[in-house]
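To start, the structure itself, in structure tokens.
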Number of protein chains: 2
Amino acid sequence: METEAAPGERVFSPRQAEVLEAALRELVEGGRPLTMGAVAKRAACSKETLYKWFDDRDGLLTAIVRFQAARVQVAAVEPGRLDLASLTARLEEFAANWLRVIASETSIALNRVAIGQAGGGAVPLGAIVLENGRFALGRRLKPVLEAGRAAGLIDFPESEEAFRTFFGLFARDVQIRLLLGERLDLAPDTIRADARRAARQFLTLYGAQPSTGMPG
Amino acid sequence: METEAAPGERVFSPRQAEVLEAALRELVEGGRPLTMGAVAKRAACSKETLYKWFDDRDGLLTAIVRFQAARVQVAAVEPGRLDLASLTARLEEFAANWLRVIASETSIALNRVAIGQAGGGAVPLGAIVLENGRFALGRRLKPVLEAGRAAGLIDFPESEEAFRTFFGLFARDVQIRLLLGERLDLAPDTIRADARRAARQFLTLYGAQPSTGMPG
DNA sequence: GCCGAACCGTAACGTTCGTTACGCTCGCCG
DNA sequence: CGGCGAGCGTAACGAACGTTACGGTTCGGC
């Protein structure tokens with residue numbers, strides 16, 4: 001998926017990618033706050049190299065966030081021709097994907113760092129996470145929603161509002177509970193069931209025709 | 001200080017409450033990470049006193065969280081006799097209250113600290129926040145939901161699941177965006193409108209009878 | 001008025017950690 | 001072969017901060 005380098009997006013050398021992988025592992029596995037020394041040791045590189053490549057600790061954190069964001073890119077769903085079944089499937093798939101992402105150790109650790117320094121640091125880590133997480137998500141789903149509307153399957157005045165409602169329906173309290181350290185086990189079956197329920201409820205709220213609950 | 005108190009709940013002396021207020025202000029207003037020195041200076045007390053009263057930094061943080069939690073206690077709603085109008089009003093009021101809480105600077109700062117040390121520290125700050133936030137919330141609302149079910153206004157198999165859906169409907173992406181540092185302006189009108197929408201959507205999903213949207 | 005306890009302000013100590021500097025090895029290029 | 005730049009490992013420096021210790025002040029009780 002090497003389509004285009006957006007402005008502000010830097011491509012990392014293979015060795016740099018290795019270092020960032022190591023930093024990510026350190027962030028996830030080592031419960032401690034991330035220190036430059038720990039990253040250097042785990043990556044088997046020198047601190048001097050870290051500073052040369054990433055300037056300072058904030059730069060390293062920013063690089064980690066961007067690096068991870070570049071990998072999480074889910075394939076954009078192309079609207080295509082939609083009937084009720086395929087729209088439902090798209091919604092379910094989308095919700096399940098997102099639940100899997102926010103339940104991953106990596107996402108939790110990254111969000112923790114971004115939240116922990118939000119409001120304090122000079123570097124808007126939180127903004128980067130939001131841009132590549134929540135907002136990228138919205139941009140991905142909106143075409144699907146609008147295609148569904150064009151097909152007469154659902155209706156809403158604003159796709160942004162419709163998306164936020166869908167977000168609430170599948171995310172619910174999961175993310176905040178995970179971030180606060182609760183050990184929720186999100187088994188694949190649980191995720192699938194939650195995604196199905198969210199899609200069904202969304203269609204109930206926004207369906208152009210009264211949608212009857214399917215069995216199952 | 002042999003004062004017998006409720007299990008896990010300690011009562012603070014007036015002076016201690018002052019100090020905790022100051023600590024809370026420092027946490028909210030000073031963008032920096034909370035240091036013992038900053039708290040002592042703002043509270044006009046000595047560090048030695050801080051350590052005597054709260055043992056160490058974790059103890060101080062825990063005390064701050066408990067102190068704030070003890071103040072936020074919203075009045076428990078008593079189910080009483082419910083018709084559709086009063087149930088709707090209860091839900092709207094509940095959602096609006098919660099939105100006001102999570103949008104407050106204090107709640108954001110406290111959640112940031114709890115999240116920042118979740119998974120790392122020995123003291124489960126996150127668990128305390130969850131217990132006094134999300135879970136206390138559920139305990140407050142469930143009687144209302146069950147009274148609504150008893151009155152035949154709504155129906156659901158599990159009040160926990162119904163509550164989580166309602167939570168998703170009013171919280172949506174607000175909390176995560178605030179925690180990540182986005183400046184959302186939640187004007188009173190916005191909050192009221194969001195609460196109304198969430199209550200209406202919840203009744204649409206769980207209403208025993210098809211509820212028609214009200215004008216306005 | 002005197003005593004002791006509580007408390008304030010400040011100094012001091014040790015650790016952690018970000019940041020910089022230095023010596024060494026290794027692979028590439030002329 | 002010789003130079004050289006990149007990068008590794010480690011040491012060193014300085015600041016921030018948690019924690020402890022100390023001297024001075026206030027205040028209630030005798």
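Computed from a prediction, not measured in an experiment: that's the story for all the values here. Order of the sequence lines sets the chain letters (A, B, ...), proteins ahead of strands, with each chain counted from 1.
- In terms of phosphate contacts, B:Thr49 brings no side-chain nitrogen or oxygen within less than 4.0 Å of OP1 or OP2 of C:dC7.
- Nucleotide C:dG18 holds its P atom 10 Å from the CG atom of A:Leu60, rounded to whole Å.
- Remark: B:Glu146 engages B:Ser159 in a side chain to side chain donor-acceptor pair (under 3.5 Å) (not counting sequence neighbours).
- Against DNA chain D, the stretch residues 28-47 of chain B makes heavy-atom approaches under 4.0 Å through B:Leu34, B:Thr35, B:Met36, B:Lys47.
- Put simply, CG on A:Leu50 is 16 Å from P on C:dA21, counting in whole angstrom units.
- In this structure A:Phe163 satisfies the ring-ring contact (aromatic ring centres under 6.0 Å, His included) test with no other residue, sequence neighbours excluded.
- In this structure, CD of A:Glu48 is placed 15 Å from P of C:dC24, rounded to the nearest angstrom.
- Nucleotides of DNA chain D lying under 4.0 Å from heavy atoms of chain B occupy a range whose first and last members, 5' to 3', are D:dC17 to D:dC22.
- Checked against side chain to side chain donor-acceptor pair (under 3.5 Å), A:Arg183 has no partners two or more places apart in sequence or in another chain.
- When the salt bridge (charged side-chain N to carboxylate O under 4.0 Å, His left out) test is applied to B:Lys142, the partners found at least two apart in sequence or on another chain are B:Glu160.
- Note: NZ (B:Lys52) to P (C:dC8) measures 10 Å, nearest angstrom.
- In this structure, the side-chain contact (heavy atoms from CB on, under 4.5 Å) partners of B:Ala198, at least two apart in sequence or on a different chain, are B:Phe166, B:Leu169, B:Phe170.
- The side chain to side chain donor-acceptor pair (under 3.5 Å) test applied to B:Glu21 returns B:Arg71, not counting sequence neighbours.
- Classification of the B:Phe167-B:Trp98 ring pair by plane angle, with boundaries at 30° and 60°, yields tilted.
- What separates CH2 of B:Trp53 from P of C:dA6 is a distance of 11 Å, to the nearest Å.
- Looking at residues two or more places apart in sequence or on another chain, you find no side chain to side chain donor-acceptor pair (under 3.5 Å) involving B:Arg57.
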